[in-house]
Amino acid sequence: MAKYDVIVIGAGPSGYAAAIRAAQLGMNTACVDKSLGKDGRPTLGGTCLNWGCIPSKALLDASHKYVEAKENFVDFGIDVGELSMDVPRMIAQKDAVVDRLTGGIAGLFQGNGVTQLSGRGKLLAGRRVEFTPHEGAAEILEADHVVLAPGSVPVEIPPTPLTDDVIVDSTGALEFESVPSRLGVIGAGVIGLELGSVWGRLGSDVVILEALEDFLPVADPRIARDALREFGKQGLDIRLGTRVIGAEVTDAGVAVAYQDKDGGKSLTVDKLIVAVGRVPYTEGLLAPDSGVNLDERGFLYVDDLCATDAPEVYAIGDVVRGPMLAHKGMEEGVMVVERIAGHKPLVNYDCVPSVIYTHPEIAWVGKTEQELKADGDAYRVGSFAFAATGRALAGNEGVGLVKLLADAETDRILGVHILGPQASELIAQAVIAMEFGASAEDLGLTMFAHPTLSEAVHEAALGISGNAIHMVNRRKT
Ligand code: FAD
Ligand code: AMP
């Protein structure tokens, strides 16, 4: 029976980070993953690299460049003439990026000495793992430590069963061969907004149906309000308080039945994307006596250090509590194996950045204003609009704002919320500041290069004490 120091099940960002780090720390490590790529061959990187973060960003970047050329280049005096979009070429470019990155993980496994096992893994009692390769017989492996990283899968809802290529989940929405004229999206969450944006930019009439009355309740209310207005201007028809109750595929398209405050209605679209969230994936993962328990929502139950109820068995990433984000899972993977090696790292769950890669982008870290209000915390707000930053205007990107929340007494930064250009990059400044326990004054006393988008972060921090330079301040103090 083959024996390893560490066996990781799942090679998504959580699992591959755990496996690579474990091998770097000198542990004899194997990583089991069952995913097959579009070519039918084993692929590494899980949802993130194959069907999630990376391919969605490739399509978002492609469609953004198209809109820039079509609508915005003219403001800079650039005339591109007649423009056309070759969708199969765009998809091929996306696939090439995926191939390059998944191949990169294979190279990292090889270079760092991780044994790649392609097939299914099942945790048995006593830290044994049943490994069933794609072809051939199952074998039993043994490990001193097991890390479970099986990830998540899209939620399917009974009113809209998926079809081959008309009613699709996020994976199918990354593969359309042409631009649908009429596109329905169920769910105005992160994935629905990103995929709706991709196809809307390329010419689809997009209707997003969202059951909740509030738009993006997880984001800061001011940011959500301004974002909703911007997306409306871009032509995304976001209908809140609208619950989808059925769908029928007909010759004329998909007839989507929904209910809003006025009663039952219907809408016909050519394609329907179901983007109503994701659930932890644990099918076939655990033998009945594995010792690992699930929580009431189907996640693997773990403590703050990602330990399950079974000794020396850990679980990380989308399959455990916390936000379903690649970077959160990667940090958990590294923490778990470094602790196995005797180090003492922690994951700071108060500093997990969230990003929505629409245009403008939305990014935040820490508490929202409504959370601070609900907690009864005294806070101050500093905000700064990109319309007042030279660099944003130079690039025709003067939409959105940075909003910074700081403790009214200690001035410690409690949350930073950004709607605007490069928000996904700018938020890192806030994460670093918060990780070091910075006050708004600390950021205000820091020098930022001019002209940059980052100056909006600086000015928002200065705004906490009313000292922003590029704003009118009549206090004379
Ligand atoms: P996964 O990436 O899901 O990987 C799990 C792997 O384990 C899979 O390969 C699976 O096949 C394998 N597996 C499962 N069970 C077994 C088993 N029993 N045996 C063997 N193998 C098994 N997150 C971000 O942070 N930023 C983004 O921009 C972003 N964009 C996204 C866009 C889309 C369209 C989607 C769908 C998701 C996006 N996410 C994004 C979320 C991100 O993809 C997930 O948070 C991340 O992939 C979770 O990583 P993981 O390692 O926990 O699981
Ligand atoms: P997220 O979990 O962030 O990906 O968002 C998924 C969104 O889908 C949530 O905001 C849900 O309210 C929404 N949703 C779930 N079921 C339905 C439904 N039947 N009709 C419309 N929206 C839905």
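As the structure lists them, so they are numbered: ligands from 1, and atoms in each ligand from 1. Excluded from the calculations below are hydrogen atoms, water molecules and symmetry mates; all remaining heavy atoms, backbone and side chain alike, are included.
- Under 3.5 Å, the side chains of Arg239 and Tyr258 contain a donor-acceptor pair of N or O atoms.
- Remark: distances from the non-hydrogen atoms of Arg278 to ligand 1 include one below 4.0 Å.
- Atom numbering of ligand 2 starts at 1 in the shown order; those under 4.0 Å from a heavy atom of Val276 are 6 (C), 8 (O), 14 (N), 15 (C), 16 (N), 17 (C), 23 (C).
- Under a 4.0 Å criterion applied to the non-hydrogen atoms of Gly187, ligand 2 contributes the atoms 7 (C), 8 (O), 13 (C).
- If you number the atoms of ligand 2 from 1 as listed, the ones under 4.0 Å from a heavy atom of Gly189 come out as 3 (O), 5 (O).
- Atoms of ligand 2 found under 4.0 Å from any heavy atom of Leu209 (numbered from 1 in listed order, with element): 21 (C), 22 (N).
- Taking every heavy atom of Leu212 and a limit of under 4.0 angstrom, the matching atoms of ligand 2 come to 10 (O), 12 (O).
- Nearest protein heavy-atom contact of atom 11 (C) of ligand 2 is Glu210 OE2, 3.5 Å.
- Under the side-chain hydrogen bond (donor to acceptor under 3.5 Å, both in side chains) test applied with His359, the options Glu230, Glu397, Gln234 reduce to a single match, Glu397.
- Side-chain N/O atoms of Asp260 and Thr242 include no donor and acceptor closer than 3.5 Å.
- Under the 4.0 angstrom criterion for non-hydrogen atoms, Thr242 is in contact with ligand 2.
- Near His327, meaning under 4.0 Å from one of its heavy atoms, ligand 1 places the atoms 25 (O).
- In this structure, Gly329 has no heavy atom closer than 4.0 Å to ligand 1.
- Ion pair Glu68/Arg201 not flagged as a salt bridge, since none of the NZ, NE, NH1 or NH2 atoms sits closer than 4.0 Å to an Asp/Glu carboxylate oxygen.
- Under 4.0 Å from ligand 1, heavy atoms of Cys53 appear from its side chain as well as its backbone.
- Heavy atoms from both the backbone and the side chain of Ser14 come within less than 4.0 Å of ligand 1.
- In Thr171, neither the side chain nor the backbone holds a heavy atom less than 4.0 Å from any atom of ligand 1.
- Proximity of Pro159 to ligand 2, defined as any heavy-atom pair under 4.0 Å, is not found for any part of the residue.
- Taking every heavy atom of Ala275 and a limit of under 4.0 angstrom, the matching atoms of ligand 2 come to 6 (C), 8 (O).
- For Trp51, every heavy-atom contact with ligand 1 shorter than 4.0 Å involves the backbone, none the side chain.
- At a heavy-atom cutoff of 4.0 Å, ligand 2 is contacted by the side chain of Ile157 but not by its backbone.
- On a distance-only criterion, Cys48 and ligand 1 share at least one N/O pair closer than 3.5 Å.
- Ligand 2 places these atoms under 4.0 Å from at least one heavy atom of Gly277: 2 (O), 4 (O), 6 (C).
- Neither the backbone nor the side chain of Glu283 has a heavy atom within less than 4.0 Å of ligand 1.
- Of the heavy atoms in Ile186, only side-chain atoms (C-beta onward) come closer than 4.0 Å to ligand 2.
- Among all protein heavy atoms, the one lying closest to atom 14 (C) of ligand 1 is Pro150 O, 3.2 Å.
- Counting heavy atoms closer than 4.0 Å to ligand 1, residue Pro154 contributes nothing at all.
- Heavy atoms of Thr47 found under 4.0 angstrom from ligand 1 belong to the backbone as well as the side chain.
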